[in-house]
Amino acid sequence: MTMRLVATRVLLEPLAVAHAEELVGVLADPALYAVTGGEPPSLDRLRERYRAQLAGPAEPGERWHNWVVRLRDGDSTGPAIGYVQATVTGHGRVAELAWVVGVPWQGNGYAAEAAAATAEALRADGVTELQAHVAPGHAASEAVARRVGLRPTGRLDSDGEQLWRSP
Ligand SMILES: CC(C)(COP(=O)(O)OP(=O)(O)OC[C@H]1O[C@@H](n2cnc3c(N)ncnc32)[C@H](O)[C@@H]1OP(=O)(O)O)[C@@H](O)C(=O)NCCC(=O)NCCS
């Protein structure tokens, strides 16, 4: 089960299909896809994607966690600003992370805070190895990976992204 996580300035809500209405605007800026590729999804595409993500993996022994990242200020909550994903494999011990924060909110440490909260929750749930694939030279994403304790391995995947891993 994906838990709701509360950090200092953001909270992470388990994804629901209804989040598509809020996220479609966050994900509409083409600048978000400059490094990773892809394009802004339509509302229908996003709903479809979220249904598939909530249905979970076909692969037995694999688990998916999807969180929407929302700003918080004390007891009040603000807009959804992005998402964090974790794919758990290796008998629950390995988690691959991915993060996206919408352009207007970038550069405020929100991705680092959200990823750190995710990493902590996953570790509490038995994960011992965290990973991420990051495009070489994507400074913001590399910095987020570093902030959650990951280090570059020098291994590139078929998309040319480098594997980062917890030591
Ligand atoms: C990568 C991304 C999630 C970072 O989000 P963010 O909320 O702006 O990141 P943060 O503000 O938490 O910054 C984290 C670190 O990156 C650094 N950083 C942020 N923007 C930067 C930039 N443009 N260039 C260099 N470093 C940058 C910050 O200084 C911070 O470093 P520090 O921890 O050493 O101080 C966001 O840029 C994004 O969604 N990009 C598009 C999608 C994407 O490529 N996702 C990655 C897939 S793995």
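When a ligand or atom number is given, it counts from 1 through the structure's own listing order. We number each residue from 1, following the sequence as shown.
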Practice prompt. Answer yes or no: is there a donor N or O on one side and an acceptor on the other, between the side chain of Glu113 and the main chain of Arg9, under 3.5 Å?
Written response: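 Yes, Glu113 side chain to Arg9 backbone: donor-acceptor pair under 3.5 Å.
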
Fill in: Polar side-chain atom of Arg123 near backbone of Thr128 as donor-acceptor pair, under 3.5 Å
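Flag not set: sc Arg123 to bb Thr128 has no pair under 3.5 Å.
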
Worksheet item: What do you reckon, does Val134 put a non-hydrogen atom under 4.0 Å from ligand 1?
Response: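 It does not, in that no heavy atom of Val134 comes within the 4.0 Å cut-off of ligand 1.
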
Discussion item. Below 4.0 angstrom, counting only protein heavy atoms, does anything approach atom 42 (C) of ligand 1?
Written reply: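 So atom 42 (C) of ligand 1 has protein heavy-atom neighbours under 4.0 Å.
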
Discussion item. In the complex you have, is atom 10 (P) of ligand 1 within reach of the protein, judged by whether a heavy-atom distance drops under 4.0 Å?
Written reply: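 It does; a protein heavy atom is within 4.0 Å.
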
Worksheet item: Between Gln162 and His133, does any side-chain donor sit less than 3.5 Å from a side-chain acceptor?
Response: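 Judged by distance alone, the side chains do not pair up.
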
Worksheet item: Between the side chains of Trp99 and Ser141, is a donor N or O closer than 3.5 angstrom to an acceptor N or O?
Response: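 Indeed, the side chains of Trp99 and Ser141 share at least one donor-acceptor pair under 3.5 Å.
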
Below 4.0 angstrom from a heavy atom of [X], which ligand 1 atoms are there? Numbered from 1 as shown, please.
{"X": "Gly107", "value": "6 (P), 8 (O), 11 (O)"}
{"X": "Val101", "value": "3 (C), 5 (O), 7 (O), 38 (C), 39 (O)"}
{"X": "Ala112", "value": "12 (O)"}
{"X": "His133", "value": "48 (S)"}
{"X": "Leu32", "value": "41 (C), 42 (C)"}
{"X": "His138", "value": "43 (C), 44 (O)"}
{"X": "Ser141", "value": "1 (C), 46 (C), 48 (S)"}

Tell me the protein heavy atom at minimum distance from [atom], and give that distance in Å.
{"atom": "atom 31 (O) of ligand 1", "result": "Ala143 CB, 3.5 Å"}
{"atom": "atom 32 (P) of ligand 1", "result": "Arg147 NH1, 3.8 Å"}
{"atom": "atom 14 (C) of ligand 1", "result": "Val144 CG2, 3.7 Å"}
{"atom": "atom 4 (C) of ligand 1", "result": "Ala111 CB, 3.7 Å"}
{"atom": "atom 20 (N) of ligand 1", "result": "Ala140 CB, 3.5 Å"}
{"atom": "atom 24 (N) of ligand 1", "result": "Ala139 CB, 3.9 Å"}

Looking only at heavy atoms, which two atoms of [X] and [Y] are closest? And how far apart?
{"X": "Tyr50", "Y": "Ala16", "value": "CD1-O, 3.9 Å"}
{"X": "Pro41", "Y": "Arg49", "value": "CB-NH2, 3.7 Å"}
{"X": "Leu27", "Y": "Leu32", "value": "CA-CD1, 3.8 Å"}
{"X": "Pro40", "Y": "Asp29", "value": "CG-C, 4.4 Å"}

Discussion item. Nearest non-hydrogen contact with atom 47 (C) of ligand 1 belongs to which option: Trp105, Tyr110, Trp99?
Written reply: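 Heavy atom nearest to atom 47 (C) of ligand 1 belongs to Trp99.
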
Where's the contact between [X] and ligand 1, heavy-atom distance under 4.0 Å: side chain, backbone, both or neither?
{"X": "Gln106", "result": "both"}
{"X": "Asn108", "result": "backbone"}
{"X": "Val35", "result": "neither"}

Residues [X], [Y]: salt bridge by 4.0 Å N-O rule:
{"X": "Glu21", "Y": "Arg47", "value": "yes"}
{"X": "Glu13", "Y": "Arg4", "value": "no"}
{"X": "Glu129", "Y": "Arg93", "value": "no"}

Discussion item. Is any side-chain heavy atom of Val94 closer than 4.5 Å to one of Gln131?
Written reply: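 Touching, per the 4.5 Å side-chain cut-off.
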
